[in-house]
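Just below is one structure, and these are the notes that go with it.
Chain A is the first sequence line, chain B the second, and so forth, proteins listed ahead of strands; every chain is numbered from 1. Keep in mind that what you see is a predicted model, and the values were worked out from it rather than measured.
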Amino acid sequence: MIKVEALIRPSRLERVKNALDDIGIHGITVTSVLGAGKQRGHTQYYRAKELAVNLLEKCKVETVVPDELVDDAINAITKAASTGEIGDGKIFLSRVEDAIRIRTGERGEGVL
Amino acid sequence: MIKVEALIRPSRLERVKNALDDIGIHGITVTSVLGAGKQRGHTQYYRAKELAVNLLEKCKVETVVPDELVDDAINAITKAASTGEIGDGKIFLSRVEDAIRIRTGERGEGVL
Amino acid sequence: MIKVEALIRPSRLERVKNALDDIGIHGITVTSVLGAGKQRGHTQYYRAKELAVNLLEKCKVETVVPDELVDDAINAITKAASTGEIGDGKIFLSRVEDAIRIRTGERGEGVL
Amino acid sequence: MNIRRLRLRSGASLYLLVAVLLGIGCTPAVAGSAAKVDAGDTAWVLASTALVFLMTPGLGLFYGGMVRRKNVLATITQSLFICGIAGVLWILYGYTLAFGPDLGGLIGSLDWIGLRGLDMKPAPDPFSSLYGSTIPQEAHVIFQGMFAIITPALITGAFAERMRFKAYLIFIILWATLVYDPVAHWVWGHGGWLGELGALDFAGGTVVHICSGAAALCCALVIGRRKGYDREHFSPHNLTLTLAGTGLLWFGWFGFNAGSALAANGLAANAFVVTNAGAAAGMVSWVLAEWVHRGKPTALGAASGAIAGLVAVTPASGFVAPIAAVVIGLIAGPACYLSVMAKTRFRYDDSLDVFGIHGVGGIWGALATGLFAASSVNPVVATDAQGLFITGSAVLLGRQLIAIVSVLFYSLIVTYLILTLVGVLTPLRACEDEEDAGMDISQHGEVGYAFHP
Amino acid sequence: MNIRRLRLRSGASLYLLVAVLLGIGCTPAVAGSAAKVDAGDTAWVLASTALVFLMTPGLGLFYGGMVRRKNVLATITQSLFICGIAGVLWILYGYTLAFGPDLGGLIGSLDWIGLRGLDMKPAPDPFSSLYGSTIPQEAHVIFQGMFAIITPALITGAFAERMRFKAYLIFIILWATLVYDPVAHWVWGHGGWLGELGALDFAGGTVVHICSGAAALCCALVIGRRKGYDREHFSPHNLTLTLAGTGLLWFGWFGFNAGSALAANGLAANAFVVTNAGAAAGMVSWVLAEWVHRGKPTALGAASGAIAGLVAVTPASGFVAPIAAVVIGLIAGPACYLSVMAKTRFRYDDSLDVFGIHGVGGIWGALATGLFAASSVNPVVATDAQGLFITGSAVLLGRQLIAIVSVLFYSLIVTYLILTLVGVLTPLRACEDEEDAGMDISQHGEVGYAFHP
Amino acid sequence: MNIRRLRLRSGASLYLLVAVLLGIGCTPAVAGSAAKVDAGDTAWVLASTALVFLMTPGLGLFYGGMVRRKNVLATITQSLFICGIAGVLWILYGYTLAFGPDLGGLIGSLDWIGLRGLDMKPAPDPFSSLYGSTIPQEAHVIFQGMFAIITPALITGAFAERMRFKAYLIFIILWATLVYDPVAHWVWGHGGWLGELGALDFAGGTVVHICSGAAALCCALVIGRRKGYDREHFSPHNLTLTLAGTGLLWFGWFGFNAGSALAANGLAANAFVVTNAGAAAGMVSWVLAEWVHRGKPTALGAASGAIAGLVAVTPASGFVAPIAAVVIGLIAGPACYLSVMAKTRFRYDDSLDVFGIHGVGGIWGALATGLFAASSVNPVVATDAQGLFITGSAVLLGRQLIAIVSVLFYSLIVTYLILTLVGVLTPLRACEDEEDAGMDISQHGEVGYAFHP
Ligand SMILES: Nc1ncnc2c1ncn2[C@@H]1O[C@H](COP(=O)(O)OP(=O)(O)O)[C@@H](O)[C@H]1O
Ligand SMILES: Nc1ncnc2c1ncn2[C@@H]1O[C@H](COP(=O)(O)OP(=O)(O)O)[C@@H](O)[C@H]1O
Ligand SMILES: Nc1ncnc2c1ncn2[C@@H]1O[C@H](COP(=O)(O)OP(=O)(O)O)[C@@H](O)[C@H]1O
């Protein structure tokens, strides 16, 4: 099992979710995060003071999938989240040792 | 060291925390997330418009524990978080290479 | 590639970010979390009722870096986040199998 | 075009029929009192009416901030929607039940149904002595209408976070009709038995606060504790809303109390001073009480104390001097603080302490009126039935006790009967799943905050 | 010191020059009406003015809660800033254009530019008959000024989440000048042609709601749909703001309608009652409509229904009896609910349903005035031109139709021309990136909530 | 029962003792002025009082939105709680110190302690000329009481996010007593030396804004910068609160200024117009200033500019024509914007710019009164001491300068002494850990938002 962790633009969340749904990946977890990377930040103004803000709002989408689905997932996410502009985000892959369904106590790939 | 990552119902957070406390696991990190899985979503209404919302509020509870505590942790969480209904959530296990205590710079299982 | 995941005090976020910037690590993702550990919680009051609250606000800072930068990252974070008081937080290291840049589809360490 | 005209005609006929039944065209009745409308008094009563109106949305915010995030809209809506439902009922039949020509001291007749027969002049004699001899009767109608709205809204704090919207709706309609309207008549209606008895209630200690407080207690007991009562702590999710609501409530309360003079005169000014004094003293004393007791002065304590002080000073506001109001407020704070503490002991779940603050505060205020009322402040207070601390006579205090006890028990019992009836028609509370998901999503299909991505 | 004095002197001279041009010193004109200021009427009109003022910030909250989080400040500011810009314009030339001595029934002359020539007495004859014979003319100035502020503010709901601040600013200035001021003159100005015709609009059904509703429709069509219209759902981010705004709007509306009596009398009291009745009935009926249609009663529905009821009762508020207002509100709820649904069908993106609620509600209200207006309520209603349901004559209804159609089309057309002009000067809407990032950060360099670490 | 009666009796005796000392029963004093209460004027002053009250909770929201999330409740509470503490003090002794029979032009005597001796009639001669000859004196008491509440509340913006609640509480009590009460007497009390001198301050430029602004500056300097001043940016956490607060402040300000006429007449109407004009112009000019300077018009700028305009127009509001108010507002915006910028240069940490806006705005307003005051607007302005731009004479301007300088320095010095004293009794500011954790949790044991799971 691999955890696919994508940092994407919030405005692409809906599309990414649908793209994953389309290839049969229904289990996902989404977190609201702030991210810094290559993308330029904003300038904020507060009573004559200027603040450079470079932590931007992003969404973290996590889905744990069987190894054979990883490439499909990456493709789906990449397609749905990409605008071609800096700030589109990254995907990280990491190994998951096991998964348990809380309701039943079952373990292994079957629970995904 | 293993990171035990549980996606649970927000209403079970308190119980899960206590259950972990009971078996001596005090270090946890909790994140407010949205999750999709088997559980049906809600329908929202906004001036005559209907929206199907299938990202539901969940809590992610993370705790990094020594290998020998993993099964206890799983049991504790499973028991405390399960209602028997769809939507109880999942637990994912993944390996952690090392841990550092910021305050002292110490490393290894001892810092947990 | 290693994911360096630091749980720190919110008030140290700015410093940690700058410290990482200084050593050339620009890509980070920050999540607002609640954490429990050794640090004592607060007591809250609500109309004559007392509540012990032991989940405290923390920041989770994640950065995926090439293996050779891990120690620098740890040092930078440790220095910037440490106050010497209980509650300074922990750093966890875990292996990342691969990274993809969404915009270009590139893979591997180069995307970091 | 012809067909359309026809339809309009028949629409018009139907309407005229209903209109006749309800007395729609009847605003300009011929009879009327000789009294003349005074623009200054009217200006003040209308401004006060607007102020009292604002209390209900303010209450929504006050309550809404104290519940969990998942119930915020449902809680605010349970206040706000009463502006709608009780607002309509008041015009249709509420006013006439409460203030119409008396039937046996117990209820008003239906003579003024749909406000029929009221004109733009002051209420006719002998009503004008109570309903204002210098303001148009419609000003009295709408000023009192705002009281008829806020009173049931107060109750909703007791069953917050669990009562179903449908049950709530039926409950409110019945309660407004069967509890509020008669009680308002008893105390303020011309010929009402408690008013005739000489019990004093300037702006609603019994009618509003005891009445809703008792109903709240009953609701909390009948509907039962929130799911997770023993396990979770139900801490407030957004106290900034509660503090904003406190500001609006206090603001509106000036209309509530000083508007009850039904004129812009010295009595109104005194009521205004006294209201602020009571609120201020209540705020200070509650905070001091909790500071001593728990070691921290809290924002919610300041808010709660202000409300406690306002509640307590309400019945007294037209009868006492400013310093007496300070005393009333100073006692209201700790008294309500204690009663809120007591709730935990008795293990009933009055979610937002309606009984603890409005019930207990209202009782203290009604008693305090019996202690401090002075005919020098208001000649309506008979010189031989002034407050105990003014003349040493307990006559007035006795009457106040009768008023307290009868309103308390009437409200308790009838609320109980109404809840039983409603429970037969539709389940009172949400099922467990719905309660878990929150009332916002389960009752209304909405969420308070979409702050997530 | 001498130099400084000199500078002060020359500064003073320059100022005096400007002052003469604008008539700064002219408050105390010698001429004036013989009418005397009545303190009670003045108190009510000033209080009402404050109430109407509050509607605009209230509208900001109402609207702000319904947009996405990233646009909340921009949306509130688009309302709030009009208090500034339209506030200044009104004093400089707006009042005289709308209410100054008539030019051909179409517009006021510049005689009262910079409020020059107005004194502290009531408006001189023959203006006093319309502008209040018992209140200082400045009270009329500022009461009406608040209407001139809220009307353009209403429009901003149509182009929320995408219009650039610069374009918005120019648009508002032109619209206030070229649409609002003339239309206000037609209906309410002394000599205005719609007023002369006998069309009735007590508190702004045509002037405020139809006028802004039509402009909103035009803006939505010209500026186009929000990015992501087909893909994303634009759900409200913080309905607690919207509910708070609803409370403030309803509260302020009492000043809007009952203040329009320009006196504290029976008519004001009736307008007050009627306003509350309309709002209450609208709230109830919208919620029932959606309950039946979709299966859930919503908080936003309650809020929307109340506003729909208020809009509809506005033009009628000085002419109808309370029961008629209940009927008006009961119809307003479902009518506006339907028109909001229709929007989706026609695929224009009036973000916050300004046309659906203010346009349609205003039209219904103007028609309803033609159905229910009774000279027994207000002698201004000619006995031979009362509502269709009162006397069966459609004379008044015809006039109302003329008023509706002319204001609707005038506003549509001139708004279109203004938008075209503004579009030439500066882009109307934000570019895609800016819209994605949100208007708060792109237009104002601010974020609504910094709740993150 | 007998025992209980006994207790009541002795309780009553004790109470009577205190009552005699404080003059509890004394509302109906026999003497009094011959003047008669006018209902219209009273209605307006009471409505205005309610409006001014609302400013303090409004200020809490305005301030609360600008601090970091962890300090939101503490900040709002530091405003709100003053409604309590200063509200009680005002009745006990504040009013008599400020407005009681004069002692040497410096302070009022204790004659009216606990409001003893006041009756329901207008203030007796010669006080009635200043305290209103047509309103009950208690209306003056409570109207002025609201000023005594908001003024110390304004200061709290300077030490937000770091001052301990206990120290704050003692500070406020002393400041209200030792600074506000005397300064109010100097300017507005019968016989006060600045009033006698002929310095003009219609609604509180010196008494409220300069006085609190100077105190704020002193607090910022004495208490020191917030932890992290150089490292972190303290950006506002929830500007929707700030914008809501702005709306409430502007709304309440109509009572503040137009209510200061103490009557519902042409002067009040002019003050109302002028207030709106100043606020509107300030909003526009601040936004233009920042737009030019930084390239973005901001929501917070609009809010700040409105407040700056309101502050500046306050002292002038009873003396100038509308166009002059526009000029005052247009200058107030950039002037306050500049002074807020200057703060950064001088590196003192006036958290929410109390000095920059209220201090500087108040000074500009007091000077502007010396420039634009016209006896044609208000006969109180002596014809030979009108504004510099009206008659070219600097007599009035000189008096204004004296008033500004004396209030500024008195407030600075006495505030400094009070802070020193308080610092001896209890630490002024929270320790580092507490500041890190936030004042909400450390001072009050509460959190503003529980939005997390
Ligand atoms: N090395 C990294 N570790 C963790 N998160 C990262 C890293 N690099 C980028 N991110 C996340 O991805 C987001 C997008 O990255 P950015 O470099 O701005 O865009 P792009 O990938 O298009 O060049 C960042 O805001 C951050 O949340
Ligand atoms: N494959 C997955 N990857 C990541 N998160 C998942 C995955 N499957 C489920 N989740 C998380 O677990 C939550 C509960 O899952 P769900 O399938 O609804 O319930 P159950 O586990 O009881 O069948 C989801 O809301 C989501 O947050
Ligand atoms: N075993 C753990 N697993 C996950 N998170 C942990 C663990 N231990 C600590 N944390 C996180 O680190 C934060 C700080 O830990 P704490 O024990 O309070 O301080 P310190 O590391 O200084 O002793 C906690 O609030 C929690 O978020």
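A distance of 11.0 Å separates OG1 in D:T275 from CZ in F:F53, rounded to the nearest 0.5 Å. With values rounded to the nearest 0.5 angstrom, F:L46 atom CG is found 4.5 Å from D:W44 atom CH2.
The candidate from F:V72, F:V37, F:I91, F:V141 with the greatest count of non-hydrogen atom pairs under 4.5 Å with chain D is F:I91. When the candidates D:G65, D:G247, D:A269 are compared by the number of heavy-atom contacts under 4.5 Å with chain F, D:A269 comes out ahead. Among D:G448, D:P297, D:A325, the residue making the largest number of heavy-atom pairs under 4.5 Å with chain F is D:P297. Looking only at heavy-atom pairs under 4.5 Å with chain F, the residue among D:A299, D:A268, D:G301 that has the most is D:A299. The candidate from F:A244, F:P57, F:P136 with the greatest count of non-hydrogen atom pairs under 4.5 Å with chain D is F:P136. Among the candidates F:D38, F:L54, F:V447, the residue making the largest number of heavy-atom pairs closer than 4.5 Å to chain D is F:L54. Comparing D:L248, D:V45, D:L243 by how many heavy-atom pairs each has under 4.5 Å with chain F, the most go to D:L243.
Of the atoms belonging to D:A303, not a single heavy atom falls under 4.5 Å from chain F. Interface remark: D:F251 contributes backbone and side-chain atoms alike to the contact with chain F (heavy atom separation under 4.5 Å). With a 4.5 Å cut-off on non-hydrogen atoms, F:L61 touches chain D through its side chain but not through its backbone. Contact annotation for D:L51: only side-chain heavy atoms (C-beta onward) come within less than 4.5 Å of a heavy atom of chain F. For D:A306, no part lies under 4.5 angstrom from a heavy atom of chain F. In this structure, the portion of F:Q443 lying under 4.5 Å from any heavy atom of chain D is its backbone and not its side chain. Using a 4.5 Å cut-off between heavy atoms, D:N276 touches chain F through its side chain atoms alone. In this structure, chain F has heavy atoms under 4.5 Å from both the backbone and the side chain of D:D41. For a residue to count as touching a neighbouring chain, one of its non-hydrogen atoms must lie under 4.5 Å from one of that chain's; by this rule F:I82 does not touch chain D. For F:F81, the parts sitting under 4.5 Å from any heavy atom of chain D are the backbone and the side chain alike. Heavy-atom distances place both the backbone and the side chain of D:A281 under 4.5 Å from chain F. Residue D:T240 touches chain F through both its backbone and its side chain, counting heavy-atom pairs closer than 4.5 Å. Contact annotation for F:I135: neither backbone nor side-chain heavy atoms come within less than 4.5 Å of a heavy atom of chain D. With a 4.5 Å cut-off on non-hydrogen atoms, F:T56 does not touch chain D at all. For F:T134, no part sits under 4.5 Å from any heavy atom of chain D, backbone or side chain. With a threshold of 4.5 angstrom between heavy atoms, F:V88 approaches chain D through its backbone and through its side chain.
Across all non-hydrogen atoms, the minimal contact from D:P236 to F:A450 is O-CB, 3.8 Å. Of all the heavy atoms in F:H444 and D:K296, the pair that sits closest is C-CD, 3.9 Å. Across all their heavy atoms, F:I85 and D:V284 have their closest contact at N-CG2, 3.7 Å. Shown here for F:A43 and D:A43, the closest heavy-atom pair between the two residues is CB-CB, 4.1 Å.
When side chains are defined from C-beta on, F:C83 counts as touching D:W250, because their heavy atoms get closer than 4.5 Å. Put simply, the side chain of F:L115 does not reach to within 4.5 Å of the side chain of D:I323, judged on heavy atoms. Within the 4.5 Å cutoff, the side chain of D:M283 has heavy atoms near those of the F:L80 side chain.
Ring pair F:F165/D:W291: centre-to-centre distance below 6.0 Å.
Not one N or O on the side chain of F:K121 forms a donor-acceptor pair closer than 3.5 Å with the backbone of D:G266. Without hydrogens or angle criteria, F:E446 side chain to D:L300 main chain gives a donor-acceptor distance under 3.5 Å.
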Set out, in order, the CA-CA distance, both residues' side-chain angles and the distance that settles side-chain contact (heavy atoms from CB on, under 4.5 Å) for D:R69 and F:F451, then state yes or no. CA-CA 7 Å; D:R69 179 165 49 98; F:F451 278 8; 3.9 Å; yes
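Considering D:L267, D:V274, D:N270 as possible partners of F:E138, the one that fulfils the side chain to side chain contact (heavy atoms under 4.5 Å, CB included) test is D:N270.
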